[in-house]
Amino acid sequence: MTWMIYGANGFTGRLVADLAVERGERPVVAGRDPGKVAAFAAPRGLESRIFDLSEPARVAEMLHDIDVVAHCAGPFSATSAPMVEACLRSGTHYLDITGEIDVFESIFARDAEARDAGVVLLPGAGFDVVPTDCLAAMVSAELPGATSLDLAFQAGGRISPGTLKSALEGAALGGRARVDGELRTVPLAWRRREVAFPSGPRQVTSLPWGDVATAYRSTGIGTITTFTRLPIPDLGDGLGKISQSVLGSSPVQKAGKAAIGAFVKGPGKGIRSHSWVEVYAEATDDAGRSVSAALIGPDTYDMTADSVLRAVHALAADSPAPGAHTPSTAFGRDFIRRLHGVKIIEPA
């Protein structure tokens, strides 16, 4: 199998490529900046290719001999559509590490095209959304009549610049939830609740997360809310009062992204080695019955790199049907168990 990492000079792309080399793999690395891509590829002895995403036909030419592309170049709101188009033209399986709700929705909308092309489209093959998606599928399987689903996580460690920029874009759209099968815009921090993380009960606040798109496809549950534990509990009150029009204004977005680029650096290996994540899922039916499950895992960026590599090879080994998938519809709800350092607290 010949596979490619596009965006290999970005923070997460580098982690994926370095882990691949560490495991004896030789992916093709690619990106749009000749100097940065060459500087990354040469010392590792990897083949490199230089192209941007402005012309899907040209991108398809660069993918003509590639079986799978791991797309790691965000923001995916701008980069996913041209890469997906190129993969459909070249017959290349596609996966990415997005957590952006509208990107998931746009890729799911191309399911029929992907089936016709014999291509698998798998957005969210990293921390967004592998652990939450697989836990959602586990609790749904234990409670087939579930009508609502709550998903929550808390994580240690730092956030990379790319993740923060995507989060800034997403905040401008307000809160998002799945209600009775429909995606709806809701206020930021519109719900709070306590969840039983493995380390103990914690207060969490609702924020938009990719599972309001993906878990609906994985489970069929119509009402889905996603939560996280905020570092300052009262921060949710402030978030709920921020105007979407303010966050969405061009000057705020431009200034915010410039500041992130100038001052934010991704977490180094030392920080990641002491980081962790906990994820919680709870499905409830109309009779009030509920089933919950949880997991403990390593740093979210290390989890993402491991998950991407395993997903690349699972596309060959598991041979999911062509079309647009979530991680659990592609590889089954137990895919999360394949990842290094993950411990599942079984559904109960």
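All figures in this text were calculated on a predicted structure; none of them were measured in a lab.
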Distance-only polar pair, side chains of Thr225 and Arg191, donor-acceptor under 3.5 Å: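 Note: Thr225 and Arg191 side chains meet the donor-acceptor criterion.
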Residues Gln154 and Thr228: side-chain donor-acceptor under 3.5 angstrom: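 Not at all, the side chains of Gln154 and Thr228 share no donor-acceptor pair under 3.5 Å.
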Cluster link Ile66 to Val59, ILVMFWY, side chain under 4.5 Å: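 Cluster IDs for Ile66 and Val59 match.
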ILVMFWY network linking Val130 to Leu151, side-chain heavy atoms under 4.5 angstrom: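 No, it is not one cluster - the side chains of Val130 and Leu151 are not joined through contacts under 4.5 Å.
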His313 atom NE2, over 12 foreign heavy atoms within 6.0 Å: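 Enclosed.
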Greater than 12 external heavy atoms within 6.0 Å of Arg202's CZ: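 Buried by this count: over 12 neighbours within 6.0 Å.
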With sequence neighbours excluded, residues passing salt bridge (charged side-chain N to carboxylate O under 4.0 Å, His left out) with Arg58: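 Applying salt bridge (charged side-chain N to carboxylate O under 4.0 Å, His left out) to Arg58 gives Glu61.
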Heavy-atom side-chain contact between Val84 and Ile107 under 4.5 Å: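 In contact.
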Residues that Thr147 engages under side-chain hydrogen bond (donor to acceptor under 3.5 Å, both in side chains), provided they are two or more places apart: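 Per chain and number, Thr147 pairs via side-chain hydrogen bond (donor to acceptor under 3.5 Å, both in side chains) with Asp286.
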Non-neighbouring partners of His93 that pass side-chain hydrogen bond (donor to acceptor under 3.5 Å, both in side chains), sequence neighbours left out: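 Counting only residues at least two positions away or on another chain, His93 forms no side-chain hydrogen bond (donor to acceptor under 3.5 Å, both in side chains).
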Qualifying ring-ring contact (aromatic ring centres under 6.0 Å, His included) pairs, either residue in residues 23-54, two or more places apart: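 Listed once each, the pairs are Tyr6-Phe51.
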Side-chain cluster (under 4.5 Å, hydrophobic types only) that Val204 belongs to, other residues: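 Other cluster members: Val195, Phe197, Phe227, Tyr280.
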ring-ring contact (aromatic ring centres under 6.0 Å, His included) involving Phe331 - partner list, sequence neighbours excluded: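 Residues passing ring-ring contact (aromatic ring centres under 6.0 Å, His included) with Phe331: Phe335.
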Parallel, tilted or perpendicular: rings of His71 and Tyr94 (30°, 60°):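 Judged by the thresholds at 30° and 60°, the geometry between Tyr94 and His71 is tilted.
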